2 protein chains.
Amino acid sequence: MERDLSTASVGTRKRRGEGHTRRDEILVAARELFLRDGYEATTIRRIADVVGVSAPALYLYFKDKDAIMLALCDQTFRSLNEVMDGMEKQQLAPIERLRRCGTAYIRFALEHPRQYWLTFMSGNTPQEIKKRGHKPDTQSLDPDAPGSQGAIAFGRLMGIFREIENSGFALNYPVDTAAELVWMCLHGLVAAIINNPEFPWTRRDVLIEGMLDLAVRGVVKMP
Amino acid sequence: MERDLSTASVGTRKRRGEGHTRRDEILVAARELFLRDGYEATTIRRIADVVGVSAPALYLYFKDKDAIMLALCDQTFRSLNEVMDGMEKQQLAPIERLRRCGTAYIRFALEHPRQYWLTFMSGNTPQEIKKRGHKPDTQSLDPDAPGSQGAIAFGRLMGIFREIENSGFALNYPVDTAAELVWMCLHGLVAAIINNPEFPWTRRDVLIEGMLDLAVRGVVKMP
DNA sequence: CAGATAACTTAACACCGATAAGTTATCAAT
DNA sequence: ATTGATAACTTATCGGTGTTAAGTTATCTG
């Protein structure tokens, strides 16, 4: 019924050193299925079917189902970080940068709701992310450690607030508090939408713009 | 190892008209297990064990596992609504009422974090809650219909904004959008704290007060 | 050509939510 | 007091899940 996710050259066993290519095939298949059918409905066996391999074979490359999801999250957030990188290279007034980064953050979350849910809302967030403080020493994180990309993205958002402070804007709160409040606003928006996608929210773009206005206006003292 | 959730008089079959008491027993047991072990780890069989009946017996009282969850969510909402009711009886300036309701909401969430998580953040919220619209005509809802309590709670929030508008304040957004934005702010705050309790947040009371300020100031046009 | 071993498969386990079909206790009416 | 209906259950089972153990096969190295 949906056997169109077929991979080229099925039934072939990988040669000696080529296991990692199979790993990549698994990730490609898993991403497709997770996005199409959701986490619960995507089973190990189905992923294996698409790859063209038996179910236990996946355990050669991943510890368990969650590890596959985690790897996908990392890939996803890596791309968010690239977007943020691009934003950081542009020369912008810091407030404008905040708005754009906020928009990018929200957009990204809404475009990858499951990954966002898993890394920021599941409560199963790997401890490495949780314990690692914010003011997160972006440099000190191993960017290849699974689960670290989410923390890096988060840290980058926080960095913008330091920049705002350094460029002489008056804030209604200490930077830390301001950053936390604004992030909580953005997170609240995407969390609500992601968790209740069928809810008849008012127009999404209005909500996004409104929340950004509300957050910036609430935190930055406007002259 | 944890057989201390035992119900009094196990092994007894209910008399003819008393099925509903069994239903309540199931809900008590389910709540305890869901809160302690989470949604996935709480199985039909385990609930049945605690209640002291066989697993299929639960299907006499609930359509499926989600229906149990739905009933529990409703109970939680109901108690939140009772708190809100108390707030509505006091005569207050509408903006002050908004602030107090917000505070009550946050306090409720932080005092019952697991229940809050289960109801608002688990992602397992049954579909009936999701589908039910807001703009909910509070009167026209049957408060006993499963899933209606959430809509009632939301409707109450919108009512406050209508009240604010009627008493001569201008809003930056239509009432429904305003209500959504403010709720998202509050939800973002409690969601962040609940999900990352170990995170080195700045002072909690400052965050709460700050978020309320930010939300009210962002939505109500101040003269 | 002979191990060694990476890359797999088959079989199975313990569990899950859910259903079908049978059983038992309790009631109302005779 | 007996009967019959039926509410309140139980047992057996289904098709599925994630995961593991143990065996197989193909490829590379010496």
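Note on naming: letters A, B, ... go to the chains in the order of the sequence lines (proteins, then strands), and numbering restarts at 1 for each one. Computed from a predicted structure; not experimentally measured.
- Nucleic acid contact class of A:L60 (heavy atoms, under 4.0 Å, all strands): base.
- When each of A:A41 and B:A57 is assigned the nucleotide of DNA chain D with its nearest heavy atom, B:A57 is the one assigned upstream, toward the 5' end.
- When the C1' atom of C:dC8 is taken as reference, atom CD1 of A:I44 falls 16 Å away, rounded to whole Å.
- Note on A:Y61: only backbone sugar-phosphate atoms sit closer than 4.0 angstrom, heavy atoms only; bases stay farther off.
- Taking the six-membered ring where tryptophan is involved, the planes of B:F154 and A:W201 are perpendicular, since the angle between them exceeds 60° and thus also 30°.
- Among all heavy-atom pairs drawn from B:A109 and B:I194, the shortest one is O-CD1, 3.8 Å.
- Between the side chains of A:Q90 and A:R97, not a single donor N or O lies within less than 3.5 Å of an accepting N or O.
- For A:Y59, the side-chain atoms get nearest to D:dG18 when compared with the rest of C:dA20, D:dT25, D:dG18.
- With hydrogens and angles left out, the side chain of B:R16 and the base of D:dT6 share a donor-acceptor pair within 3.5 Å.
- In summary, A:E88 and A:R100 do not engage in a salt bridge, as defined by a charged side-chain N under 4.0 Å from a carboxylate O.
- For the residue pair A:D66/A:Y39, the side-chain donor-acceptor check at 3.5 Å is satisfied.
- Between the C1' atom of D:dT17 and the CD1 atom of A:I47 lies a distance of 13 Å, rounded to the nearest Å.
- Taking the six-membered ring where tryptophan is involved, the planes of A:Y116 and A:Y105 are perpendicular, since the angle between them exceeds 60° and thus also 30°.
- For a distance-only test at 3.5 Å, the side chain of B:R13 qualifies as a donor-acceptor partner of the base of C:dT24.
- Side-chain proximity of A:S54 to C:dG17, C:dA18, C:dT9: nearest is C:dT9.
- In this structure, A:F62 atom CZ and D:dT20 atom P are separated by 15 Å, rounded to whole Å.
- Distance, A:D66 CG to D:dG18 C1': 11 Å, rounded to whole Å.
- A donor-acceptor contact under 3.5 Å is not formed by the side chain of A:R45 with the base of D:dG16.
- Closest to the side chain of A:V53, out of C:dT9, D:dT19, D:dT17, is C:dT9.
- Across all strands shown, B:T42 has heavy atoms under 4.0 Å from sugar-phosphate atoms exclusively, and none from any base.
- Here the C1' atom of nucleotide D:dT10 and the NZ atom of B:K14 are 17 Å apart, to the nearest Å.
- Regarding contacts with the backbone of D:dG16, every side-chain N or O of A:R46 stays at 4.0 angstrom or more from both OP1 and OP2.
- Rounded to whole Å, the distance from CZ on A:R15 to P on D:dT27 is 6 Å.
- Between the P atom of D:dA8 and the CD1 atom of B:I26 lies a distance of 11 Å, rounded to the nearest Å.
- Rounded to whole Å, atom P of C:dA18 lies 12 Å from atom CD of A:E40.
- Nearest to the side chain of B:P56, among D:dT27, D:dT11, C:dG17, sits D:dT11.
- Annotation: of the two residues near DNA chain C, B:K63 and B:G17, the 5′-most nearest-nucleotide partner is B:K63.
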